[in-house]
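Step one of this worksheet: look at the structure below.
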2 protein chains.
Amino acid sequence: MSDHRDSSEGGTPAMARPAFLLSSLGLQVADEFTERLRPLGLEPIKFALLAHLEPAEGSSQQSLADALGVHRNAMVGLVDELEEQGLVQRRPHPHDRRAKALHLTEHARELVERGYRVADEHDADLLSALEESERPQVVSLLRRVAEARGVSPRGHPCLTQNSGSVEQTSTGRADEEPE
Amino acid sequence: MSDHRDSSEGGTPAMARPAFLLSSLGLQVADEFTERLRPLGLEPIKFALLAHLEPAEGSSQQSLADALGVHRNAMVGLVDELEEQGLVQRRPHPHDRRAKALHLTEHARELVERGYRVADEHDADLLSALEESERPQVVSLLRRVAEARGVSPRGHPCLTQNSGSVEQTSTGRADEEPE
DNA sequence: TATTGTTATACTCTATAACTATA
DNA sequence: TATAGTTATAGAGTATAACAATA
C-alpha cells in the first residue's frame with residue numbers, strides 16, 4: 001500500500017528527513033485531535049481556554065488571553081461563543097469594574113473532564129504501534145529536542161492566534177489577578 | 001528557564017503528552033523551515049514544486065498539482081509567481097495543446113540544490129541536542145508511528161491547499177503525461 | 001495616561017464556481 | 001462529454017485600529 005514516490009526527492013527520501021517527518025506527523029496529530037474533540041462541541045482553542053480556566057475561575061479575559069497566548073480582541077469572540085454554548089459566564093469582577101470575571105458552568109466542568117479523557121485516548125492511540133518499552137523513549141527523546149529548541153506549550157498550533165499587539169503598551173506587563 | 005505552568009493541566013503536564021509534544025514541535029519545525037527557505041525567495045510549497053519538477057520536467061500543471069496535492073486553480077498562481085521570479089517557464093505541451101509543459105530555468109536548478117542543502121542543515125540542527133547514536137533511533141521510532149498512521153509526504157502542512165475539488169469529474173483520474 | 005472589554009475594518013488564505021480552448 | 005488552464009468570487013481566519021468605561 002501507499003505510493004512511496006519519495007525516493008524521487010533529492011537524495012534523501014522525504015520520510016527519512018526528521019524535519020519533514022516531524023512536521024507531517026505534527027500536523028496530522030493536531031488535525032486528529034481537533035476531530036476527536038469535535039463531538040464535544042469544542043475546538044482545541046476552546047478546550048484550552050476551559051482547561052486553563054478550570055483551576056483559575058474568576059480570571060479576567062485579559063489574563064486568560066495572556067496565559068493562552070491569544071489577543072484580547074480574539075478572546076471576546078471565543079468567550080461569546082462559549083457563553084452561547086452555556087459553558088462560561090461573564091460576571092462583574094470583584095476588584096476591577098472594567099474587567100469581567102469568567103466562571104465555568106457545571107456542564108463545562110464535565111466537558112473539561114471528558115476533553116482530558118479524549119486527550120488521554122489520543123495519546124494512547126498515537127503510540128500504539130510501538131512496544132510498551134519504546135513509548136517513554138520517544139517521549140523522552142522528543143522532549144529533549146523540544147526543550148533544546150525552546151518549544152513551550154504556549155507555542156502550540158491551536159493557540160496560535162493574535163498574540164502580538166502593536167498597541168501602545170508602556171509597561172508591557174499585566175499582573176495576575178488572584179482568587 | 002521557561003515558565004512551566006503545564007502542571008496545572010489535568011494531571012498530565014502538557015509537555016509529557018505525546019500528541020501535544022508532537023504537534024507543538026511539528027509546527028515549530030515547519031515554521032523554522034519556512035524561515036530558512038525565505039532567503040532563497042522560496043516558500044515551502046514553491047520549493048516542493050520545483051523539487052518535484054526537477055526530475056520530471058515537461059510535466060503539465062495538472063499532473064504536478066496532483067503530485068503535490070494542490071488544486072490546479074491554486075497551481076496557476078504558484079506558477080505565475082515562479083515564472084515572474086524567472087524560475088519556471090510555461091511552454092506548449094508537445095502532445096496536448098490544452099496543457100502547458102513546465103520547465104525549470106538554470107537558476108531554479110541551483111535553487112533546488114540550495115534548498116536541499118537548507119533542508120539538510122535543518123535536519124542536522126534539529127536533532128543536535130541528541131547523541132549521535134540517538135538520532136537514528138528517533139527517526140526510526142517516528143517513522144514507524146507515521147507509517148502506522150498512514151502519514152504520507154502528500155499530507156504535509158506546506159502542501160495542504162485546495163486538493164479536494166467538487167467539480168464534475170466523472171473518471172476521477174488523470175493519466176500521467178510522459179516527457 | 002494606561003488598561004479592559006468591545007467593535008469595526010482590513011488583509012490574507014483558501015475554496016468554489018464558471019469560463020475558454022482544446023480533447 | 002471531459003479535461004487543462006484560467007479567472008473571479010466568496011468565505012474563513014487573523015491582524016490592526018479605534019472607542020467607551022474605568023483605573
Side-chain angles (χ1 to χ4, degrees), chain A residues 27 30-31 34 43-46 49 58-83 88-102 157-177, chain B residues 31 34 43-46 49 58-83 88-102 157-177:
Chain A
L27 180 80
D31 282 350
T34 302
E43 297 136 72
I45 181 64
K46 289 187 186 168
L49 196 161
S59 294
S60 69
Q61 295 184 188
Q62 177 67 68
S63 71
L64 242 190
D66 289 344
L68 292 169
V70 307
H71 194 204
R72 76 196 139 89
N73 295 10
M75 198 70 181
V76 177
L78 291 172
V79 175
D80 280 350
E81 291 175 24
L82 289 169
E83 208 171 24
V88 308
Q89 296 170 341
R90 281 188 244 236
R91 302 185 194 162
H93 192 106
H95 306 334
D96 187 340
R97 292 204 302 178
R98 294 172 302 180
K100 308 289 173 70
L102 299 182
C158 310
L159 313 182
T160 298
Q161 282 189 255
N162 186 354
S163 60
S165 83
V166 194
E167 233 170 342
Q168 64 281 40
T169 39
S170 56
T171 65
R173 187 188 168 283
D175 51 14
E176 306 274 293
E177 87 296 68
Chain B
D31 283 350
T34 303
E43 297 136 73
I45 181 64
K46 289 185 187 169
L49 196 161
S59 294
S60 69
Q61 296 184 187
Q62 177 68 68
S63 72
L64 242 190
D66 290 344
L68 291 169
V70 308
H71 192 105
R72 76 196 141 91
N73 295 9
M75 197 70 181
V76 176
L78 290 173
V79 175
D80 281 350
E81 291 175 23
L82 288 170
E83 207 170 25
V88 307
Q89 296 171 340
R90 282 188 244 234
R91 301 185 194 162
H93 192 105
H95 306 333
D96 186 340
R97 293 203 302 178
R98 294 171 302 179
K100 307 290 172 68
L102 299 182
C158 311
L159 314 181
T160 298
Q161 282 189 258
N162 186 353
S163 60
S165 84
V166 195
E167 232 171 341
Q168 62 282 37
T169 39
S170 56
T171 64
R173 187 190 167 283
D175 51 13
E176 307 274 294
E177 87 296 65

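Everything numeric here is computed off the predicted structure, so don't read it as measured data. Each chain gets a letter, A, B and so on, in the order the sequences are listed, and its residues count up from 1.
When rounded to the nearest whole Å, the span between NE2 of B/His71 and P of D/dT7 equals 14 Å. For B/Met75 and D/dT7, the CE to C1' distance is 17 Å, given to the nearest whole Å. Rounded to whole angstrom, the span from the CG atom of A/Asp96 across to the C1' atom of D/dA21 amounts to 11 Å. Summarising the geometry, the separation between CD on A/Gln61 and P on D/dA21 is reported as 17 Å, rounded to the nearest angstrom. Going from atom NE2 of A/His95 over to atom P of D/dT22 covers 18 Å, rounded to whole Å. When rounded to the nearest whole Å, the span between CZ of A/Arg72 and P of C/dG5 equals 8 Å. Atom-to-atom, NZ of B/Lys100 to C1' of C/dT22 comes out at 12 Å; the value is rounded to the nearest Å. Distance CZ (B/Arg97) to C1' (D/dT3): 15 Å, rounded to an integer number of Å.
A donor-acceptor contact under 3.5 angstrom links the side-chain atoms of B/Arg98 to the base of D/dT3.
The distance from atom CG of B/Leu78 to atom CZ of B/Arg72, rounded to the nearest 0.5 Å, is 14.5 Å. Taking CD of B/Gln62 as the reference point, atom CZ of B/Arg98 lies at 10.0 Å (rounded to 0.5 Å). Taken to the nearest 0.5 Å, the CG atom of B/Leu82 stands 8.5 Å off from the CE atom of B/Met75. Taking CD of A/Glu83 as the reference point, atom CG of A/Leu102 lies at 8.5 Å (rounded to 0.5 Å).
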Could you go over nucleotides 7-10 of chain C and give all protein N or O partners under 3.5 Å, atom names and distances?
{"unit_1": "C/dT7", "atom_1": "O4", "unit_2": "A/Asn73", "atom_2": "ND2", "d": "3.4"}

Between the protein and nucleotides 11-13 of chain C, list the N/O to N/O atom pairs that are separated by less than 3.5 angstrom.
none

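The two atoms that bring B/Val76 and B/Arg90 nearest to each other are O-NH2, 4.0 Å, heavy atoms only. A/Ser63 and A/Ser59 make their closest contact through OG-CB, 3.6 Å (heavy atoms, listed as atom of the first residue, atom of the second, distance). Heavy atoms only, all atoms of each residue included: A/Pro94 and A/Ala101 are closest at CD-CB, 4.3 Å.
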